[in-house]
Amino acid sequence: MTSSHTIKARVYYENTDAGGVVYHSDYLKFAARGRTELLRHWGGTEQEWAEKEKVLFVVTHADIKFKSPARLDDLLTIATSIKTMTKFRMTFDQKIYVETRLCVAITIEIVCVDLGTYKPIKFPEYLQEKAKRYIHD
């Protein structure tokens, strides 16, 4: 089953340059919110995963394609799905829209690391099962 998780976020003054256009780096922050809220939807926060499972999620690669600028006061829709997943890597496909206009397409790859050693480990089974529902074709 293919699914996408969406959240809304408002563009504030702090997210923009003097012309009212969103800073390029802030799109990564909005994307991080989308992934964080997806984890919360799956039943936990990053802090809870760290405490319970002794794991952290680390970004290993990011690819950003800028399509159209978002501006001050725009209401963004951040759609997050999973492009690929193995036991050791998860690649997110994220798109940020203003209404139906695509602003940015972002691909983010993460790995799961042991909290004590910071070495890559398998994603917890529970998380793998939840993620399967968000893999797009």
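Positions are given from 1 along the sequence. Since this is a predicted model, take the numbers as computed values, not measurements.
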Say whether Trp42 and Leu56 are linked into one hydrophobic cluster, either directly or through other cluster members, by side-chain heavy-atom distances under 4.5 angstrom. no

What verdict does the side-chain contact (heavy atoms from CB on, under 4.5 Å) test give for Lys87 and Phe123, after you've listed the backbone C-alpha separation in whole Å, the side-chain angles of each residue and the deciding distance to 0.1 Å? CA-CA 6 Å; Lys87 291 180 182 176; Phe123 284 95; over 6 Å; no

If you define the side chain from C-beta out and look only at heavy atoms, does anything of Pro124 sit under 4.5 Å from Trp49? yes

Please list all pairs passing the side-chain hydrogen bond (donor to acceptor under 3.5 Å, both in side chains) test where one or both residues lie in residues 66-76, with sequence neighbours left out. Ser68-Arg101

Rounded at 0.5 Å granularity, tell me how far OG1 in Thr6 sits from NZ in Lys95. 14.0 Å

So which atom in Ile78 and which in Ala31 form the shortest heavy-atom distance, rounded to 0.1 Å? CG2-CA, 4.5 Å

Of the non-hydrogen atoms in Leu115 and Ala50, which two are nearest, and what is the gap between them? CD2-O, 3.6 Å

Could you go through the side-chain contact (heavy atoms from CB on, under 4.5 Å) check for Phe92 and Val59 one step at a time? CA-CA 10 Å; Phe92 291 91; Val59 173; over 6 Å; no

Heavy-atom closest contact (Arg10 atom, Asn15 atom, distance): O-OD1, 4.1 Å

Heavy-atom count around Tyr12 OH within 6.0 Å, excluding the residue itself: above 12? no

Heavy-atom nearest pair, Gly43 first then Glu48, reads O-OE1, 4.4 Å

Just verifying a value: how many Å separate Leu38 CG and Lys130 NZ, rounded to the nearest 0.5 Å? 10.5 Å

Sole residue of Met85, Met90, His5 in side-chain contact (heavy atoms from CB on, under 4.5 Å) with Tyr134: His5

If you group Ile, Leu, Val, Met, Phe, Trp and Tyr by side-chain heavy-atom gaps below 4.5 Å, do Leu39 and Val55 land in one group? yes

Could you tell me whether a side-chain N or O of Tyr23 sits under 3.5 Å from a main-chain N or O of Thr16, the two making a donor and an acceptor? yes

Counting distance only, does the side-chain N/O of Tyr97 pair as donor-acceptor with the main-chain N or O of Ala79 below 3.5 Å? no

Which heavy atom of Phe88 sits nearest a heavy atom of Lys122, and at what distance? CZ-CG, 3.4 Å

Euclidean distance, Ile7 CD1 relative to Ile96 CD1, rounded to 0.5 Å: 9.0 Å

Test side-chain contact (heavy atoms from CB on, under 4.5 Å) on Arg89 and Thr60 and set out the steps. CA-CA 9 Å; Arg89 292 191 191 287; Thr60 58; 4.0 Å; yes

side-chain contact (heavy atoms from CB on, under 4.5 Å) between Ile121 and Val113: does it pass, once the steps are laid out? CA-CA 5 Å; Ile121 59 172; Val113 298; 5.7 Å; no

Over all atoms of both residues, closest heavy-atom pair of Lys54 and Glu51: NZ-O, 2.9 Å

Nearest-0.5 Å distance, CD of residue Glu99 to CG of residue Leu75: 8.5 Å

Quick check: is Leu102 connected to Tyr27 through a chain of hydrophobic side chains (ILVMFWY, heavy atoms under 4.5 Å apart)? no

Other ILVMFWY residues reachable from Leu72 by side-chain steps of under 4.5 Å: Tyr13

Using 0.5 Å steps for rounding, measure from the NZ atom of Lys132 to the CD atom of Gln128. 7.0 Å

Same apolar cluster (I L V M F W Y, side chains within < 4.5 Å links), Phe57/Tyr126: yes

Can you find a heavy atom in the side chain of Phe30 that is under 4.5 Å from one in the side chain of Val22? yes

Count I, L, V, M, F, W, Y as connected when their side-chain heavy atoms are under 4.5 Å apart, and connections chain through other members. Are Phe66 and Ile108 then in the same cluster? yes

In short, side-chain hydrogen bond (donor to acceptor under 3.5 Å, both in side chains) pairs touching residues 75-84 with sequence neighbours left out are Lys8-Thr77, Thr80-Gln94, Thr84-Thr91

